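What follows is a short report on a single structure.
Note that this is a predicted model, so its numbers are computed, not measured.
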Amino acid sequence: MYKRILVPIAQNTNVGLVLGFVENVLDPGGEITLLYVIPSDKLPVSAVDWRRAMKVISEAQTLTTDLDMEVNYKVKNNPSIASGILREAASTAYDLVLMSTPKEARRGRLFGSKIDEVVRKSAVETVVLSYPERAELSYRKILIPTSGYRHALRAARIAEQLAGRHGGEITVMYVGSRKDEAEAIIGPLVSDIEANGAKACSLFATGPIVETIIAEAKKGYDIMMIGATERPAYQEFLLGSTADRLVREAPCPVLMVKTVGKTY
């Protein structure tokens with residue numbers, strides 16, 4: 001699916017888990033870049049910051065030694081971690097930025113303010129993986145809540161890749177009041193997923209959107225995949241949005257997708 005993936009990493013990043021996801025979506029012959037941004041506008045950076053960066057990169061190198069993919073390592077300094085990631089994403093022909101965060105590490109806004117900023121401003125397709133500290137990723141049972149918007153449709157394309165590789169099944173879920181609307185949105189998507197070789201089923205439900213989705217997610221799903229909030233203008237990923245609540249309350253890892261300039 002992707003040829004060049006940028007993966008920002010930090011001290012709390014579960015690099016092994018993230019790389020496990022990357023292996024499933026990276027094209028043969030593709031490459032990834034692990035990026036550590038030191039939040040400083042001064043050169044040279046402090047010895048403490050440099051040692052911290054080298055520790056994170058060294059641990060990542062140990063985990064990537066036996067992987068069958070090209071891995072690059074970069075350490076850069078920038079006054080802002082988010083702007084450092086955005087600058088690197090804009091400087092090279094990446095086709096995906098993969099952000100990640102342990103659920104327990106988030107405070108306040110969706111995924112934390114640094115990731116919020118990257119998601120909002122990135123000109124490259126961006127996904128954010130939120131996971132419990134001791135999670136292991138599996139793709140046998142995938143839940144995709146959707147209202148038919150393009151980010152969620154892109155999430156379905158990623159899900160069918162994962163399900164196809166692992167013999168999984170995708171449930172495409174619509175929460176609303178009208179079954180005909182649900183069928184118009186999720187019916188064609190399920191058919192398309194099946195046409196691409198993955199197993200899928202549709203689910204229509206009524207009730208409060210977040211609570212209804214979370215109740216379904218508790219039925220043994222391995223991962224939930226959602227599209228970024230499709231609202232214009234200010235702070236569309238602020239705490240309280242549907243996407244944020246799903247991330248905070250889901251019992252399983254959540255992958256949020258923001259695509260750029262495409263319809264799926």
Side-chain angles (χ1 to χ4, degrees), residues 1 103 109-111 116 119-120 125-130 138-164 166-264:
M1 296 190 70
K103 281 178 176 284
R109 290 161 56 185
L110 175 64
F111 298 116
D116 274 0
V119 172
R120 287 198 310 273
E125 184 159 302
T126 303
V127 303
V128 185
L129 176 64
S130 176
S138 177
Y139 311 106
R140 300 287 297 180
K141 193 174 181 182
I142 302 173
L143 177 64
I144 304 179
T146 181
S147 296
Y149 294 117
R150 63 189 179 115
H151 299 314
L153 297 180
R154 183 54 172 168
R157 296 281 78 82
I158 297 173
E160 71 185 22
Q161 168 99 352
L162 299 170
H166 295 270
E169 182 173 3
I170 302 165
T171 297
V172 183
M173 182 180 189
Y174 180 93
V175 180
S177 58
R178 293 179 52 182
K179 192 170 184 179
D180 58 335
E181 286 184 355
E183 291 174 347
I185 290 171
I186 62 180
L189 183 54
V190 168
S191 297
D192 194 35
I193 291 171
E194 291 178 331
N196 289 323
K199 296 179 181 178
C201 64
S202 59
L203 175 63
F204 167 68
T206 59
I209 293 175
V210 173
E211 290 80 359
T212 303
I213 293 171
I214 294 300
E216 178 64 24
K218 290 179 179 178
K219 297 178 181 179
Y221 286 90
D222 298 311
I223 189 167
M224 182 192 301
M225 302 181 66
I226 63 176
T229 302
E230 297 257 0
R231 290 187 300 181
Y234 98 110
Q235 302 295 344
E236 58 185 8
F237 302 105
L238 281 177
L239 180 68
S241 70
T242 297
D244 183 75
R245 287 193 61 197
L246 289 176
V247 170
R248 285 190 288 113
E249 298 177 26
C252 57
V254 178
L255 186 78
M256 188 187 73
V257 180
K258 178 201 169 187
T259 192
V260 179
K262 297 178 181 178
T263 302
Y264 296 89

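A 4.5 Å side-chain heavy-atom check between V254 and R248 finds every atom pair outside the cut-off. Between D222 and I142 the shortest side-chain heavy-atom distance does not fall below 4.5 Å. The shortest distance between side-chain heavy atoms of S130 and M256 does not fall below 4.5 Å. In this structure the side chain of E216 never reaches within 4.5 angstrom of the side chain of V175, judged on heavy atoms. Looking only at side-chain heavy atoms (C-beta outward), L189 and R157 come within less than 4.5 Å of each other.
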T212 vs T206, test: side chain to side chain contact (heavy atoms under 4.5 Å, CB included). Steps then yes/no. CA-CA 7 Å; T212 303; T206 59; over 6 Å; no
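Of all non-hydrogen atoms in S138 and I223, the two that sit nearest each other are O-CG2, 3.9 Å.
Using modelled atom types, no side-chain atom of K258 and backbone atom of A228 make a donor-acceptor pair closer than 3.5 Å.
Other residues, nucleotides and ligands contribute at most 12 non-hydrogen atoms within 6.0 Å of the NZ atom of K199.
Salt bridge status for E211 with R245: present, with a side-chain N to carboxylate O gap under 4.0 Å.
Using cut-offs of 30° and 60° for the angle between ring planes, the F204 and Y174 rings count as parallel.
When V190, T171, V172 are each tested for a side chain to side chain contact (heavy atoms under 4.5 Å, CB included) with C201, only one passes: T171.
When the salt bridge (Lys or Arg N to Asp or Glu O under 4.0 Å) test is applied to R140, no partner is found at least two apart in sequence or on another chain.
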